Amino acid sequence: MADPASTPLGKMLLEEITPVVMVLCTPYVEESCLKNVPVRTASDQPYRLRKFKLRLFYSSDIRQPNLEVAKERLKKVITHVGEKNFLESSDPSQVNNLLSSKFTFDFDIFSILAVGFLGGPESEMLPSWFQFFNKELVRTLSFSDHEAFDHPVACLLVVSSKDDEPVNRFVDLFNTNKLPSLLNDGAMDPKIMKHYLLLHDNQDGPFNKATKLLADMRNAFGQNDCQIICFNSSQDGKIHHQDNPWAPFVNYLTLRDYYKSDALPTENLGGFLNLDDLNEIKDFMQELSSKHIIPYMEQKIRVLNQQVSATRKGFRNQIKNLWWRKGKEDTIDTPNGPVYTFNSIESQIRILGDYAFMLGDYELALSNYRLISTDYKLDKAWKRYAGVQEMMGLTYFLLDQSRKEAEYCMENAFNTYLKLGSAGRRNTTRCGLWWAEMLKTRDQLKEAATVYFRICGEDTLHSAVMLEQASFCYLLSKPPMLHKYGFHLVLSGDHYKKCDQIKHAIRTYRSAIPVYKGTTWSLIKDHVHFHIGQWYALLGMYDVAVTHMLEVLASTHQSKTTQELFLRDFLQIVQKTGKTFEVLKLQLPVINISSLKVIFEDQRTNASAAAARVKESLWRSLEEDIIPSSTARSNWLELQSKIMPRKYKESNICVAGEALKVDIEFKNPLQIPISVSSVSLMCELSANPEEGKLPKCMYICIHAFTVFLLLGGSNILLLYATADMGVLHDDCRDINSCLILSEVDFSLEGGETTVVQLTVTPRIEGILKIVGVKWKLSSAVVGLCNFEFNPVNKRVGRGRRKQHSPCSDLKFLVIKSLPRLEGFIHSLPEKTYAGDLRPLVLELSNQSKFPVKNLKMKISNPRFLYAGNQKELNADFPACLKKKMNVEKSGRHASVNKTLQNLYHFPEDISVQEETSLSWPLWFHAAVPGNIPLYITIYYEMEGVSSIMKYRTLRMHYNLQVLPSLDVSFQLSTRPSRLQEFLLRMDVVNKTSSECFQVHQLSSIGQQWEISLLQPVDSILPSQSLFAGQSLSCFFMLKHSPLDLIILKISLQDRRRSSTSEDSIPSLSHIQSDVRLGPQDNSEAFFDVSSSPLADFHDCERSSQGMSSQVVNFLALTFFICITINQNLMLLPFIFFLYQGCEYKVDFVFITQLPKGNSDSSSNTPLVFSHHACDCSPSSMSPISWLVDGPRTIQHNFSDPLCEVNLKMTITNSSDAIASVHINTFDSPSSNNQPIDDATASQPPEHQSGWSEIPIVNDTKIITTEALTTCVPKSLSLESVPQFIWSGTSSTKLVLQPRSTAEIPLQICVFTPGIYDISNYVLNWNLTPDGENQGEANKSSGVCQGYPYYLSVLESNFKD
């Protein structure tokens, strides 16, 4: 450690623990000194003589200071410092700059840089007034009766040469009645050294008289104890000293307080003193110190040391002292302890120690302090004991020995003072200050901060200063303890506020702000900013108050009550200003810039807000087939690059007179409601440099607004002002004449989020930029938010990146007005039931002055929406859907305007003229239930309007809710009697909650199918209506006609036709067979499912399921071409082969109606519902099926030796793979190797062979793989003799090609009449892999038992 005397504590001790000289003077002396504001008469002011100092006091000031006066004095000191620091700087101190470096350097570097940053040692970063305050606080304990370093060692008697009889005046000055009470009461020794000084003012006369008076003084008081000083040698008092002569010695605040004056002269200090006068005063003080006071103190030390050695030192004296003090430990403690006079041995030892300490003999001082410490402890003189322990700790410090001992003594003294309560409170403070300084000198800053914290007591103001000093200790510790630094600053600020030291409170709180900036300690940050704002408001500094209150507005972590308090106080402060504040980045409400969405219309226009919210990628994919690629991707860009300036090439394009919409998300982060009003966009509009200029006033408005925005920063307030632009130019127009801005008012509940759509409509051409948004919070504060984005790197060719800023998306090139279509679909339901079929009307309106032409329309989902024919616009619905009577059917309507299923070309002669509208029919079908989005794009072209845009598109979007209506399912199974006949079961369930549907008809699509009812619907559904929750099952007979019969039938019909036009070409997939499900006697026509729109929607249903009728139509077209060209039918086998895949699949259309006046119907017109089922095939159809055919009954004369019966087995392979079939026949049931069923085995013998009571079966069963899973073979008795045998081959193998049929002859021999079951055979089949059909073959194989075939054999001569 460095020299202790050079440390702050060492300097303080050398200034405060120094000899005291009591000054007694006459009024003339005071008068002469006041001419120069003399410092030697000032109370408690030290003079520096090298390293030895003297303190001079008036006799009236040698007393214990009044506690209340001392507190008031300290309060003035703190108030003065607060005013000075508050006015000097409005920013946090340089400590905050030091804090900012924490985030750049680690703690070790930060600790090293702390000294270099401030340009000096760490102690220099502390406010200088801390040391002064600590000194003043220590001086409140001056002239204590238990300490001797404040006892006067000498008395300086000063008399003026103007006084009458100066010698007598010296005698009168040292009168006992005028001496301090401490000298008269015995606490201090009145027998002190006296020195006599004659003061001569050269302004009062010559020096001769003063010389004579000095001689008289020396005769009366001695030669060495009398001196004279002549001063004020300047006659005019205008001597100017470059430096203040009293600066090294005077504290102006103390001097001002002493003289009870609010102002001190700052000029002509020492104006009557020339250089000789100053040197004479200096020489006198040096001589007084070196020749009188120091020798006197040395002599006093020698005398006292001899006395102490004689009475207290040595073994015998120590034993004697202990014996004399024996039993004193049993006495009761008193607050002040025993009373010691100045001549007691204890007081003499204390004086000896203090004198030695002041003269720098610290070893001697320490030995005496140790000696007297034990006596005071035994005497229970705790205050004196603590004082001695305190001096021992300071002595150890100055000796730079035993740090432990020094700290132990200081802590012992500190704790002892604390035990004394209020009597030792001030002594505790002084001891703590010295102890903290000692720890700081030894770099024990954390321990020093703890001591400062312990000093805090009942005095709130003193505690505030101590807490602030503790905070700096934490800041300067290594590593810095920043959170504790900030926390103690906040505690200090709270104490300052309690003492009405608002400026000090603001200073400490503002110093704590950088500590918590960027941390998660949100509660304390809110506390700091909120109270700073309140305190600034108390001082009338409302602008700064608003700045800090803005920091706590969006305190989401606070309670609802606290948030209400913050907002209420903020609005009150703003109201007191009487101004309207514009705040950049106002935090309430929160604006989610990332959710910013700009909706503008260039060549793309939107019919509704819903269409604008759809993703652009979806529209692009929908518009690929209708937008000319050359125009959209090449010519337009080339033309745009020529029209637009280079700096605006990345700008978007908008049209004058058309609104740009911006969706912005506002969120209330608080729990309380807030009111937001006058929300509008901030925009800039400038002229296009290539086209023209804006009015002069427009440039002025834009320039002013740009400067206004560039002044922005975090929480920077700008005073709202408006300027009258009308005087600038005669043709000036306000910016509102060129831009139309919308304003929105809304309120947000706690935590609510809302999306606000703002619009700006440019009226003239130019360059438009959307800069930001502004709003009013509670009609008090205007918030501003700039749309600032961080640039995003976009990858370009070969790995290079190009910076793209989203700000460029907010720039628009405004071009002149263009035609714009507005579209709407009338009668489109928002909610309907599945299957709903109805006509709609599309209305296109053109409000511009120019026509549009070449219209095209594309629909995203043609299953739900389809474009009709113009002649259907006023058609009678639903009559237009029904078959026309007595009119030759011409097949489905051919839409030559539909190049794709979902793309419709309007006729070329169709256009939308200026200020007119166009209506076009549409057909709607609710294909499936669910939430269905519909996207429609209408393309149109403009001619001679704009060189930049040649076309535009109208985008329409609707969301439909389709509810379940009828659940319709079909089950098709083979009919046992015939291969080409099937049984159809239709199950219908009404899944609505309240609707009642009237069933109308079921239609099959395809001429190869004939459908008929197995039983009347009246017997199943008498009401002809299906109520809510009701189900219906109907059975139909479905008969399949072979392709050759169909072709023959069609060819016969075609021969009667005179032409083969496109409209006359039949469509096999749309040739229908209808069955009425309503009353059979109803003559109402069927719905025509082969014509538009039912046929169109059916095609869409097939396409959605991956099926298409185009193949079937192609086959029909090929057939007619064949028979047309020379009646050549050579291709018919090929057509037949292709058609096999479609042969066993059928489509159905089930049509119902809702009656008139239904609640969901908008009119009295009944609603029509169509339900489509595609590619239904028999569920039981197996790849291999067979049929055994032959006679059922024969007669034979068994007198002949042999009865042979011929049978035929037809085997069909309906798969697309090659089938290998193996048929095994056997004569005995035992040779079947099949399991024998217990039930058949237990039957009587008569039921097993020969004549039996077996019911006659009229139909022959068709056996398939699934059917045989439940087939049980008949088992005959093993002992029985076979009644018939297979007379043909017992094993037959054959290979069937895909989609082929083969016939096998069979023969049996019967030996006796009876009824026989010809089922003793097994059919083994396997599908052989064949290229593409390998997967199907691998999954199909089986073994099938023959099914019962009953044959009745009778005797030919049998008679009834």
Side-chain angles (χ1 to χ4, degrees), residues 19-43 45 47 54-62 152-180 183-184 190-235 237 258-259 270 272-274 276-293 295-296:
V20 173
V21 176
M22 182 175 63
V23 178
L24 298 173
C25 62
T26 63
Y28 285 113
V29 175
E30 287 286 341
E31 182 181 351
S32 299
C33 292
L34 281 175
K35 295 178 181 180
N36 299 281
V37 194
V39 65
R40 64 186 180 88
T41 60
S43 172
Q45 296 304 319
Y47 283 84
L54 291 178
R55 291 181 292 161
L56 277 66
F57 289 89
Y58 286 114
S59 60
S60 60
D61 291 331
I62 299 180
V153 298
C155 179
L156 180 62
L157 293 90
V158 185
V159 175
S160 176
S161 59
K162 293 172 59 176
D163 288 318
D164 298 333
E165 298 180 359
V167 176
N168 294 333
R169 294 292 294 167
F170 279 118
V171 176
D172 293 338
L173 284 177
F174 203 75
N175 191 340
T176 306
N177 296 329
K178 296 183 180 180
L179 294 179
L183 275 70
N184 295 329
K191 297 179 180 180
I192 56 178
M193 183 197 79
K194 301 179 184 63
H195 196 77
Y196 304 93
L197 176 64
L198 179 64
L199 193 64
H200 177 70
D201 189 348
N202 290 327
Q203 302 290 326
D204 298 335
F207 185 67
N208 299 332
K209 181 182 177 181
T211 305
K212 182 180 178 182
L213 292 176
L214 178 61
D216 294 339
M217 289 169 54
R218 288 177 176 175
N219 292 331
F221 304 113
Q223 183 70 25
N224 295 327
D225 294 332
C226 299
Q227 284 184 278
I228 185 173
I229 292 180
C230 296
F231 71 123
N232 289 344
S233 301
S234 175
Q235 298 299 322
Y258 176 76
Y259 283 109
F272 289 91
L273 299 176
N274 56 23
D276 294 336
D277 295 339
L278 294 176
N279 290 332
E280 187 175 355
I281 294 173
K282 181 178 180 181
D283 294 340
F284 167 75
M285 293 306 299
Q286 290 179 349
E287 184 178 351
L288 177 64
S289 301
S290 60
K291 294 184 178 180
H292 298 279
I293 293 179
Y296 171 77

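No experiment lies behind these values; they were computed from the predicted model shown.
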*Asks:* What I'd like to find out is whether the side chain of C226 reaches to under 4.5 Å of the side chain of L214, using heavy atoms alone.
*Replies:* yes

*Asks:* Could you check whether any side-chain heavy atom of M22 comes within less than 4.5 Å of a side-chain heavy atom of I192, counting everything from C-beta outward?
*Replies:* yes

*Asks:* Using every non-hydrogen atom in the two residues, find where F231 and L199 come nearest and quote the distance to one decimal.
*Replies:*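 Nearest heavy atoms, F231 then L199: CE2-CG, 3.3 Å.
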
*Asks:* Measure the CG-CG distance between D276 and N202 for me, rounded to the nearest 0.5 Å.
*Replies:*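 If I round to the nearest 0.5 Å, the distance is 10.5 Å.
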
*Asks:* Can you name the side chain to side chain contact (heavy atoms under 4.5 Å, CB included) partners of T26, sequence neighbours left out?
*Replies:*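 By the side chain to side chain contact (heavy atoms under 4.5 Å, CB included) rule, T26 matches Y28, V29, V159, S160, D163, R169, L173.
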
*Asks:* I need the Y296 OH to H195 NE2 distance, nearest 0.5 Å.
*Replies:*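 One finds 14.5 Å between OH of Y296 and NE2 of H195.
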
*Asks:* Give, for atom CG of L288 and atom CG of L156, the distance between the pair rounded to the nearest 0.5 Å.
*Replies:*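 Rounded to the nearest 0.5 Å, the CG-CG separation comes out at 6.0 Å.
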
*Asks:* Evaluate the side chain to side chain contact (heavy atoms under 4.5 Å, CB included) criterion for residues F284 and L197: first the C-alpha distance (whole Å), next the side-chain angles of each, then the deciding distance (0.1 Å), finally the verdict.
*Replies:* CA-CA 10 Å; F284 167 75; L197 176 64; 3.7 Å; yes

*Asks:* So E280 and C230, do their side chains get closer than 4.5 Å, heavy atoms only?
*Replies:* yes

*Asks:* Taking all non-hydrogen atoms of both residues, which atom of P152 and which atom of I62 are closest, and how far apart?
*Replies:*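 Scanning both residues, the minimum pair turns out to be CG-CD1, 3.7 Å.
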
*Asks:* First locate atom OH of Y196, then atom CZ of F221, and finally report the distance between them rounded to the nearest 0.5 Å.
*Replies:*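 Here the rounded value is 5.0 Å.
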
*Asks:* Are M193 and D225 close enough, and set up right, to give a side chain to side chain contact (heavy atoms under 4.5 Å, CB included), and what steps lead you there?
*Replies:* CA-CA 9 Å; M193 183 197 79; D225 294 332; 5.7 Å; no

*Asks:* Heavy atoms only: give me the nearest P295-S289 pair and the separation to one decimal.
*Replies:* CD-O, 4.0 Å

*Asks:* For L24 and C155, which heavy atoms make the closest approach, and how far apart are they?
*Replies:* CD1-SG, 3.5 Å

*Asks:* If I compare all heavy atoms of A210 with all of L198, which pair ends up nearest, and what's the gap?
*Replies:*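 Here A210 and L198 meet closest at O-CD2, 3.4 Å.
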
*Asks:* Indicate yes or no: at least one non-hydrogen side-chain atom of M285 is less than 4.5 angstrom from one of V21.
*Replies:* no

*Asks:* For E165, what residues pass the side chain to side chain contact (heavy atoms under 4.5 Å, CB included) criterion, not counting sequence neighbours?
*Replies:*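 Only N168 meet the side chain to side chain contact (heavy atoms under 4.5 Å, CB included) criterion with E165.
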
*Asks:* Give the minimum heavy-atom separation between Q227 and M217, together with the two atoms involved.
*Replies:* O-CE, 4.3 Å

